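Beneath this line is the structure, given in structure tokens, with notes to follow.
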Amino acid sequence: MTEGTTSAAEGADTLTRLEQEGEIAADYLEGLLDIADLDGDIDMDVEADRASVSIISDASGRDLQKLVGRDGEVLEALQELTRLAVHRETGDRSRLMLDIGGYRAKKRAELSELGAKAAAEVKSTGEPVKLKPMSPFERKVVHDAVKSAGLRSESEGEEPQRFVVVLPA
């Protein structure tokens, strides 16, 4: 078997595994929505080598806001529970991402802008910029934005007070 064939087969296996994670997560979340008597549609995808599941609603989305919570706290907890449900079924650790009502997508855009602004400030002053404490998801988005601006960043501190420091080039 050639090397290219092996990597193509591995890629197909990974895609199949991630699609399976999405299916398991969708089933778990549909059960949760039924129990909570909330309306929402489940959308599954594979993004950046991880399963991505979104709960979307045709209505105003106020009911789904309950599943997001203040600053996404309920969303984070539901994501961990969903990852545990996937782990229980597959035996493998999941890196699944959950979005509810577009909360994470909107947050990603805001954080990318924050990272770009911090990078611009560091470029103009030459001094490091410390940002407020963030969740791992939030820090990852900021690190990516800083990297795309041509600078580097590091995470410092201990959870839950871990934060990003944007450094000069």
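For clarity, every value in this text was computed on a predicted model and none was experimentally measured.
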Let me check something: any side-chain donor-acceptor pairs from residues 128-138 under 3.5 Å, sequence neighbours excluded? List them with distances.
unit_1 : atom_1 : unit_2 : atom_2 : d
Ser135 : OG     : Glu138 : N      : 3.3
Ser135 : OG     : Glu138 : OE1    : 3.4
Glu138 : OE1    : Ser135 : N      : 2.8

For Arg70, what residues pass the salt bridge (Lys or Arg N to Asp or Glu O under 4.0 Å) criterion, not counting sequence neighbours?
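Listed in chain order: Glu73.
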
Distance-only donor-acceptor hits, side chain of residues 150-157, under 3.5 Å, sequence neighbours excluded:
unit_1 : atom_1 : unit_2 : atom_2 : d
Ser153 : OG     : His143 : ND1    : 2.5
Ser155 : OG     : His143 : NE2    : 2.8

If a pair satisfies side chain to side chain donor-acceptor pair (under 3.5 Å) and one of its residues is in [range], list it, with sequence neighbours excluded.
{"range": "residues 81-90", "answer": "Glu80-Arg83"}
{"range": "residues 29-56", "answer": "none"}
{"range": "residues 117-129", "answer": "Glu113-Lys117"}
{"range": "residues 159-169", "answer": "Arg139-Glu159"}

Test of understanding: with side-chain contact (heavy atoms from CB on, under 4.5 Å), list the residues that count as partners of Val74, not counting sequence neighbours.
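Val74 satisfies side-chain contact (heavy atoms from CB on, under 4.5 Å) with Leu78 once adjacent residues are dropped.
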
Check which hydrophobic residues are tied to Val86 through side-chain heavy-atom contacts below 4.5 Å, counting indirect links as well, and list them.
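In the cluster with Val86 are Ile24.
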
Would you mind listing the cluster partners of Ile35? Hydrophobic ones only (ILVMFWY), side-chain contacts under 4.5 Å, chaining allowed.
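Direct or chained contacts put Ile35 with none.
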
Restricting to side-chain hydrogen bond (donor to acceptor under 3.5 Å, both in side chains), what partner residues turn up for Asp144, sequence neighbours left out?
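For Asp144, the residues satisfying side-chain hydrogen bond (donor to acceptor under 3.5 Å, both in side chains) (neighbours in sequence not counted) are Lys140.
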
Could you pull out every donor-acceptor pair under 3.5 Å between side chains of residues 100-112 and any protein atom, sequence neighbours left out?
unit_1 : atom_1 : unit_2 : atom_2 : d
Tyr103 : OH     : Gly72  : N      : 3.4
Arg104 : NE     : Leu98  : O      : 2.6
Arg104 : NH1    : Glu76  : OE2    : 3.1
Arg104 : NH2    : Glu76  : OE2    : 3.3
Arg104 : NH2    : Gln79  : OE1    : 2.9
Ser112 : OG     : Arg108 : O      : 3.0

